[in-house]
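Here is the structure we will look at.
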Amino acid sequence: MSGKTAQVLNVLSSVGVAGKDRSADRDVVYVYEMPVRVWHWVNAAAIMVLAITGCFIGTAVPTMPGEASDNFFFGYIRFAHFSAGYVLAVGFLLRIYCAMMGNPHAKQIFYVPIWRRCFWDELWQTIRWYALLAVRSDKCAGHNPAAQLMMFSMFTLTTAFMIVTGFALYAQGSGQESWQFGLFGWIFGVLPNSQDVHTLHHLGLWVIVTFVLIHVYAAIREDIMSRRSISAIISGERDLRD
Amino acid sequence: MGEATETFYSVIRRQGITRRNFLKFCSLTAASLGLSPLAANDIAIALETKPRVPVIWMHGLECTCCSESFIRSAHPLVKDAVLSMISLDYDDTIMAAAGHQAEAILTETRAKYKDRYVLAIEGNPPLNEDGMFCIDGGKPFVEKLRSMAEDSMTIIAWGSCASWGCVQAARPNPTQAMPIDKVITNKPIIKVPGCPPIAEVMTAIVTFITTFGKLPELDRQGRPKMFYSQRIHDKCYRRSHFDAGQFVEEWDDESARKGYCLYKMGCKGPTTYNACSAVRWNGGVSFPIQSGHGCFGCSEDGFWDKGSFYDRLTTIKQFGIEANADQIGRAAAGAVGLAVAAHAAVTAAKRLTRKREGVVQEKRSKVQS
Ligand code: HEM
Ligand code: HEM
Ligand code: HEM
Ligand code: SF4
Ligand code: SF4
């Protein structure tokens, strides 16, 4: 433990986020393990690429001059979308693996403990904090209940949905013999007209955009107000001092 | 009506079609089914030796566009051969018999060829008011359909009407028109959607089923894979412009003249499974995109109810006013963005005021701990 604390301190000071008052008995919790942090930033990058290229796919680009054989612009945009889609999907699978093998915090984005009383109490507390009614936020080690609720509903579910519908759309191009169709073709049993799959995949973009807006705002705000957010997703520790 | 052992070959010879034309018909069919040249021989042998499979063609709520398409099959030979075969049995639009005489054929075929005849349905039955919106031969069509389906070998659902419902089943669907597979659930059904389906596709499918006595390989939606496994977009000759990023933006712009991709004009080729871009229409003359207009998606489920024909995405009506995915998304993201900005402002304001009082508070809490 003490070895770990030392290591923790090292990382903390190297990242330069520790407070002025650097005593060894501070409440430092190691929340985000290395793989989760790496995943977070890879995932964030993949989603940025997916969102931007997705918008282009949805509205198409201004017409390119010249011969068709000299251009492959839209093709490259779609290629970037599909590559980032693969990164997102593989990352998501790895993230599930982390949830199974990692610490309890790594499981948080995959469920909402609605059966626990304390979850509702804490949720109420947090809502008051965000409603600017409470003066101080609870010291949550991982996500606070509101964040957990949002992460689960707007991020985890939406991402899973985007992966399933995305690969189903991909299977339309790769054909009915492809593994993508084998794994995700059932979508077209639910929605026989793939136009609806496009529409829902497109709506998913906006759910993700909304999530990112709230999420990045909350992260920055939390960082300014309580200095225990962004540092956590970079270094992994959360400093629970006042 | 012929004997039970009668073959297709003997029938068309009797109809005056020469053996030479029969062999041509076999090789054309093999080609259109995408089979090897050797299969022409198999088809010929099958048609010469196997008992003829009778086809009963019935019409529910429909516009007859499927029949119109069918009789325009590119090769007159195919049309002659297949039509002469079908008109032998029952098709109330083109057969010679009428009235009670015609209806008698149905009962006769049903008894004589139990589990051996093909039931081809054009249109669909309305279920509302006990099916009274479509009366055929003095009875609701849905009853006729159920009774004929009972003893059939297999069912062909012609066109988007029989396959998906089409215009008569478009919202709010007052007559409760239903696609065939929602009414008949215990028989193999092959869907040949399109409004109408392509003539060559129709004749090839009839020939396949009557020749081999079974359905061709079907996809998940019950459509024959040989014609519906690829989208219009996958074989569209404008696809290179799509990949290049060259799009028509107005019906009369320079890009339209140059024949660029119609994606921005709402072409539904990327979501439509049909053979138009490969087989084309009117004997291979053209197809909508070749004539400068996007695909409507006429062979897809509920294509009347997906909003404008000139939008690739579905209009979402659940929000009161009609909106598309982008409008809804932008509204939601915009509202959240505003909320975030407001929240940030209030936080900052609170923080400032608290900082002034905070000095006192902090001191107090330090004393406590
Ligand atoms: C958060 C993740 C994602 C976002 C925000 C996103 C966004 C979008 C958007 C906005 C479109 C345009 C839809 C339209 O208007 O038709 C699109 C299309 C598409 N996306 Fe995604 N997507 C995501 C994930 C994925 C994944 C994981 C895949 C799987 C490889 C994928 C594959 C596709 C495909 C195949 C298309 C259709 C491309 C075409 O029709 O040319 N997407 N995406
Ligand atoms: C500038 C951009 C971003 C910043 C500053 C940021 C910051 C953070 C921070 C501080 C946390 C920890 C939150 C907490 O403890 O409650 C976090 C977690 C998370 N972020 Fe981000 N983030 C960014 C972009 C994104 C994007 C684009 C996505 C994907 C849509 C994303 C998805 C997530 C997820 C799913 C978690 C939960 C991690 C877990 O528990 O496994 N983030 N982020
Ligand atoms: C004395 C010589 C020949 C005789 C008497 C003969 C006779 C026939 C007959 C009666 C038919 C059927 C035509 C019909 O039913 O309308 C036929 C078809 C055919 N014969 Fe010959 N044939 C001879 C030589 C050849 C040769 C030398 C070839 C090839 C090099 C050939 C190739 C064919 C082919 C390909 C068909 C099918 C034609 C079609 O379906 O259009 N025949 N022949
Ligand atoms: S015209 Fe339609 S089907 Fe052809 S490439 Fe463009 S979008 Fe695809
Ligand atoms: S191009 Fe599209 S709308 Fe036109 S006939 Fe073919 S499937 Fe139907």
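In the text below, chain A, chain B and the rest are named by the order of the sequence lines, each starting its count at 1.
When all heavy atoms of B/Asp301 and A/Pro192 are compared, the pair lying nearest together is OD2-CG, 3.5 Å. When all heavy atoms are compared, the tightest approach of A/Val209 to B/Ala333 is CG1-CB, 4.2 Å. When all heavy atoms of A/Met64 and B/Ala244 are compared, the closest pair comes out as CG-O, 3.3 Å. Contact detail for A/Phe74 and B/Phe242: the closest heavy-atom pair is CB-O, 3.1 Å.
Only the side chain of A/Gln176 comes within contact range of chain B, with heavy atoms under 4.5 Å apart. Both the backbone and the side chain of A/Phe181 come within less than 4.5 Å of a heavy atom in chain B. At a 4.5 Å heavy-atom cutoff, the contact between B/Ser255 and chain A is made by side-chain atoms alone. Using a 4.5 Å cut-off between heavy atoms, B/Asp305 makes no contact with chain A at all. No part of B/Ala339 comes within reach of chain A, as not one of its non-hydrogen atoms sits under 4.5 angstrom from that chain. Only the side chain of B/Lys268 comes within less than 4.5 Å of a heavy atom of chain A; its backbone N, CA, C and O stay farther away. Looking at A/Glu177, only its side chain comes within 4.5 Å of chain B, counting heavy atoms on both sides. Only the side chain of B/Tyr260 comes within contact range of chain A, with at least one heavy atom under 4.5 Å from a heavy atom of that chain. Interface remark: A/Val61 contributes backbone and side-chain atoms alike to the contact with chain B (heavy atom separation under 4.5 Å). Residue contact with chain A, scored on non-hydrogen atoms closer than 4.5 Å, involves the side chain of B/Arg239 exclusively.
Side-chain contact of B/Thr271 with A/Ser194: a donor-acceptor pair under 3.5 Å is absent, judged by distance alone.
Interface remark: of the candidates B/Asn324, B/Val346, B/Asp326, B/Asp326 forms the most heavy-atom pairs closer than 4.5 Å to chain A. The most heavy-atom pairs under 4.5 Å with chain B, out of A/Val207, A/Leu200, A/Asp196, come from A/Asp196. Of all the listed residues (B/Lys264, B/Gln246, B/Arg312, B/Arg231), the one sharing the greatest number of non-hydrogen pairs under 4.5 Å with chain A is B/Gln246. Put simply, of A/Phe73, A/Tyr217, A/Trp186, the one with the most heavy-atom pairs under 4.5 Å next to chain B is A/Tyr217. When each of A/Pro62, A/Gly189, A/Gly175, A/Ser69 is checked for heavy-atom pairs under 4.5 Å with chain B, A/Pro62 comes out on top. When B/Asp234, B/Val336, B/Thr347 are compared by the number of non-hydrogen pairs under 4.5 Å with chain A, B/Thr347 comes out ahead.
Other residues, nucleotides and ligands contribute over 12 non-hydrogen atoms within 6.0 Å of the CZ atom of B/Arg257. No more than 12 heavy atoms of other residues, nucleotides or ligands lie within 6.0 Å of CH2 in A/Trp124, so this atom counts as exposed by the packing criterion. For OH of A/Tyr111, the number of neighbouring non-hydrogen atoms (other residues, nucleotides, ligands) closer than 6.0 Å is greater than 12. Heavy atoms from other residues, nucleotides or ligands lying under 6.0 Å from CD of B/Glu254 number more than 12. For A/Phe79, the CZ atom is loosely surrounded, since the number of other residues' heavy atoms within 6.0 Å does not exceed 12. The number of heavy-atom neighbours closer than 6.0 Å to NZ of B/Lys225, taken from other residues, nucleotides and ligands shown, is above 12. Within a 6.0 Å radius of CZ in A/Phe56, other residues, nucleotides and ligands contribute 12 heavy atoms or fewer.
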Evaluation steps, side-chain contact (heavy atoms from CB on, under 4.5 Å), between B/His233 and A/Gln172: CA-CA 10 Å; B/His233 189 59; A/Gln172 293 198 295; over 6 Å; no
Working note: A/Trp206 + B/Ile328, criterion side-chain contact (heavy atoms from CB on, under 4.5 Å); need CA distance, chi angles, decisive distance, verdict. CA-CA 8 Å; A/Trp206 290 105; B/Ile328 292 166; over 6 Å; no
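Note that OG of B/Ser240 and CZ of A/Phe72 are 10.5 Å apart. Values are rounded to the nearest 0.5 Å. In this structure, A/Thr59 OG1 and B/Phe247 CZ are separated by 9.5 Å, a value rounded to the nearest 0.5 Å. The structure places CG of A/Asn193 at 5.0 Å from NZ of B/Lys306, a figure rounded to the nearest 0.5 Å. Rounded to the nearest 0.5 Å, atoms OG1 (B/Thr314) and NE2 (A/His202) are 11.5 Å apart. For the atom pair OG1 of B/Thr272 and CD of A/Gln195, the computed distance is 7.5 Å after rounding to the nearest 0.5 Å.
Side chains of B/Tyr263 and A/Ile57 form a contact here, defined as non-hydrogen atoms less than 4.5 Å apart.
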